[in-house]
Amino acid sequence: MDPSVRDALFDQESFTRLAVIADTDHSLVVEDFDDPASAAALAEAEVLFTGWGCPPLTADALARMPRLRTVVHAAGSVKHHITDACWERELTVTSAAGANALPVAEYTLAAILFAGKRVLAAQRTYRRKRARVSAIDVIGTGGNYGRTVGVVGASRIGRRVIELLRPHDLRVLLYDPYVDEAEATRLGVTPVSLDTLVRSSDVVTIHAPELPETRHLFDRERLALLPDGATLINTARGSLVDTEALTEELVSGRLDAVLDVTEPEVLPAASPLYDLPNVLLTPHVAGSAGNELTRMTHAALDELERYGHGLPYATPVQGEALTRTA
C-alpha cells in the first residue's frame, strides 16, 4: 500500500494487535514489487496485508513471492490488484468491503432523508430571503412519509441501505437482476424492473457495480423517466451515469442530485455541477475516512486472525464473483 495509507489505517492499538497476530515489520511498506529493497521480505511472505495503492499482483510479481498463500485487503474492492494470476496460484483473498460499506450506506441514508425533506431547496430559499420562511411553502408536498425510494443494486452497500431504511415510513423498490422475489421478500423490498423503479421513485440511489454492461446505465433516455423533482444519488461509480445527459437535466432544474462520484472523477473546473443549487457534489468522501478507516483495519485484522488459527475467512472474495461485483 501507499505509506500514507498505512499511516491512516493504523493507530498504535492496531499496530499492537498486528504484532500479536503475525510476525511482521510494520515499518516495511511495499509500494513496488520490483523494488530490490523489498525482495527479501517478499520472498519470505506468507500473507500480504494490502490497502489503497497496492500495485497489481501479476504473475511476475507473484514469482517473487513463492511462499505467498493469501491476501488480506484492508479496504473495499480488490479489482485494482488481484489478477487472474492470483486465482491460478490458488491464493485465498479477503477484503474489508463489508466494513467500508457502512459509511457509504450512512451517507446514502442521510442523502435520502435530506432529499425527501427538500433540504437543498429550503437552504437556497432561506439564503436568498434571509428572513422568515414558511416550511409549508418551501417543502411543499415534500417530506419523508410514504415516499418511494428506488435502490439500484443489492450489493453490500445496497443491502445496508435497505436495512437502514427499515425504521422509516418509506416504500422501497429494488432493481437487481440477481435477486429473486423470495429474496426480495426477505429484504423487505418490492422487486421491479429498472425502468419501473426509475418512473416510480421520488429518490433513486445507485449501488450497482462498475461493469461493461452497467456503463451509462442511467443514460439520457433513462434519466428522462425520472419524475419531475426526483433526486438521483450516486455513491457507486461515475461511469454508471451519463454525465453530459445528467448535467443537462440538472441545469434545467427538473431534477436534484447528490453526487459523490462522477465521470470524470474530478469534473472540469467549468462544470456547472459545482455551482448548481439543486446539486450536492462531494469529492468521493462517502466511503471510509477519518476514524472510519480504523473499522476497516480491525475487520482485516479479524480475518488475519482467522487465517492464523486455520479458520476460513468470514468474508472471502471469490474470483468468479468479481465479474458482477465492485
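Reckoned from all heavy atoms, side chains included, excluding hydrogens, waters and symmetry mates.
A salt bridge between R215 and E263 is present, with a side-chain N of the basic residue lying under 4.0 Å from a carboxylate O of the acidic one. A salt bridge links R220 with E248: at least one charged nitrogen is closer than 4.0 Å to a carboxylate oxygen. With respect to the salt-bridge test (charged N to carboxylate O, under 4.0 angstrom), the residues D302 and R17 qualify. A salt bridge is defined here as a Lys NZ or Arg NE, NH1 or NH2 lying under 4.0 Å from an Asp or Glu carboxylate O, and R160 with E163 meets this definition.
Not one N or O on the side chain of R222 forms a donor-acceptor pair closer than 3.5 Å with the backbone of D195. Formation of a donor-acceptor pair under 3.5 Å by the N100 side chain with backbone atoms of S288 is found in this model. Judged purely by atom type and a 3.5 angstrom limit, R124 uses its side chain to pair as donor or acceptor with the backbone of P277. Checking side-chain atoms of E44 against main-chain N and O of A41 turns up no donor-acceptor pair under 3.5 Å. When atom types are taken as modelled, the side chain of T214 and the backbone of L240 share no donor-acceptor pair closer than 3.5 angstrom. A distance-only check finds a donor-acceptor pair linking the side chain of R89 to the backbone of L62 [under 3.5 Å]. Counting only distance, with no hydrogens or angles, the side chain of S95 and the backbone of G76 share a donor-acceptor pair below 3.5 Å. Judged by distance alone, the side chain of N234 and the main-chain N or O of R237 form a donor-acceptor pair under 3.5 Å. A side-chain donor-acceptor contact under 3.5 Å links R64 to the backbone of D60. For T297 (side chain) and L9 (main-chain N/O), a donor-acceptor pair under 3.5 Å exists by modelled atom type.
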For this session: Decide yes or no on side chain to side chain contact (heavy atoms under 4.5 Å, CB included) for V279 and Y274, but give the supporting numbers first.
Result: CA-CA 8 Å; V279 177; Y274 287 111; over 6 Å; no
Problem set entry | Audit row: T190, L174, side chain to side chain contact (heavy atoms under 4.5 Å, CB included) steps and yes/no | CA-CA 6 Å; T190 302; L174 172 68; over 6 Å; no
For this session: Take S14 and D11 through the test side-chain hydrogen bond (donor to acceptor under 3.5 Å, both in side chains) and record every step on the way to the result.
Result: CA-CA 5 Å; S14 304; D11 56 14; 2.7 Å; yes
For this session: Applying side chain to side chain contact (heavy atoms under 4.5 Å, CB included), run through L246 and L232 and close with a yes or a no.
Result: CA-CA 9 Å; L246 178 61; L232 182 70; 4.1 Å; yes
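Residues A236 and A208 share a closest heavy-atom pair of CB-O, 3.7 Å. Contact record, S201 with A230: O-CB, 4.0 Å, taken as the closest heavy-atom pair. Here the closest heavy-atom approach between residue D256 and residue L250 is recorded as C-CD2, 3.8 Å. Across all non-hydrogen atoms, the minimal contact from S38 to L28 is OG-CD1, 4.5 Å. Shortest non-hydrogen contact noted between L57 and C86 is CB-SG, 3.6 Å. For the pair E210 and K79, the tightest heavy-atom approach, listed with the atom from each and the gap, is O-NZ, 4.0 Å.
With 3.5 Å as the limit, one finds a donor-acceptor pair spanning the side chains of H73 and T50. Side chains of D7 and S4: no donor on one and acceptor on the other come within 3.5 Å. Under the 3.5 Å distance criterion, with hydrogens and angles disregarded, a donor-acceptor pair is assigned to the side chains of D260 and T282. With 3.5 Å as the limit, one finds no donor-acceptor pair spanning the side chains of H207 and R159. Judged by distance alone, the side chains of H81 and T83 never bring a donor and an acceptor atom under 3.5 Å apart. Using a 3.5 Å distance cut-off with no hydrogens or angles, the side chains of S27 and D25 do pair a donor with an acceptor.
S193 meets the side-chain hydrogen bond (donor to acceptor under 3.5 Å, both in side chains) test with T196; sequence neighbours excluded. A search for side-chain hydrogen bond (donor to acceptor under 3.5 Å, both in side chains) contacts involving D228 returns R254, not counting sequence neighbours. Residues satisfying the side-chain hydrogen bond (donor to acceptor under 3.5 Å, both in side chains) test with T243, not counting sequence neighbours, are none. Scanning for side chain to side chain contact (heavy atoms under 4.5 Å, CB included) contacts around V47 gives T70, V72, L304, Y307, with sequence neighbours left out.
Applying the ring pair (Phe, Tyr, Trp, His ring centres under 6.0 Å) test to every pair with at least one member in residues 26-48, sequence neighbours left out, gives these pairs: F15-H26.
Between L173 and T148, the closest side-chain pair of non-hydrogen atoms falls below 4.5 Å. P312 places none of its side-chain heavy atoms less than 4.5 Å from the side chain of R306. Using a 4.5 Å heavy-atom cutoff, the side chains of F49 and M1 are in contact. Inter-residue side-chain proximity for W52 and L293 is flagged as met; some heavy-atom pair is nearer than 4.5 Å.
In this structure, CD on E249 lies 4.5 Å from CG on L255, to the nearest 0.5 angstrom. Distance CD/E265 to NE2/H284: 5.5 Å, rounded to 0.5 Å.
Using a 4.5 Å cut-off between side-chain heavy atoms of Ile, Leu, Val, Met, Phe, Trp and Tyr, with links allowed through other members, V152 and Y107 fall into different hydrophobic clusters. When hydrophobic clusters are built by joining Ile, Leu, Val, Met, Phe, Trp and Tyr residues whose side-chain heavy atoms come closer than 4.5 Å, directly or via intermediates, L102 is not grouped with I157.
Few gaps surround CG on D34; more than 12 heavy atoms of other groups in view lie less than 6.0 Å from it.
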Can you give the donor-acceptor pairs under 3.5 Å from side chains of residues 126-143 to other protein atoms, not counting sequence neighbours?
from : atom 1 : to   : atom 2 : distance (Å)
R130 : NE     : R127 : O      : 2.9
S134 : OG     : I136 : N      : 3.3
S134 : OG     : D137 : N      : 3.2

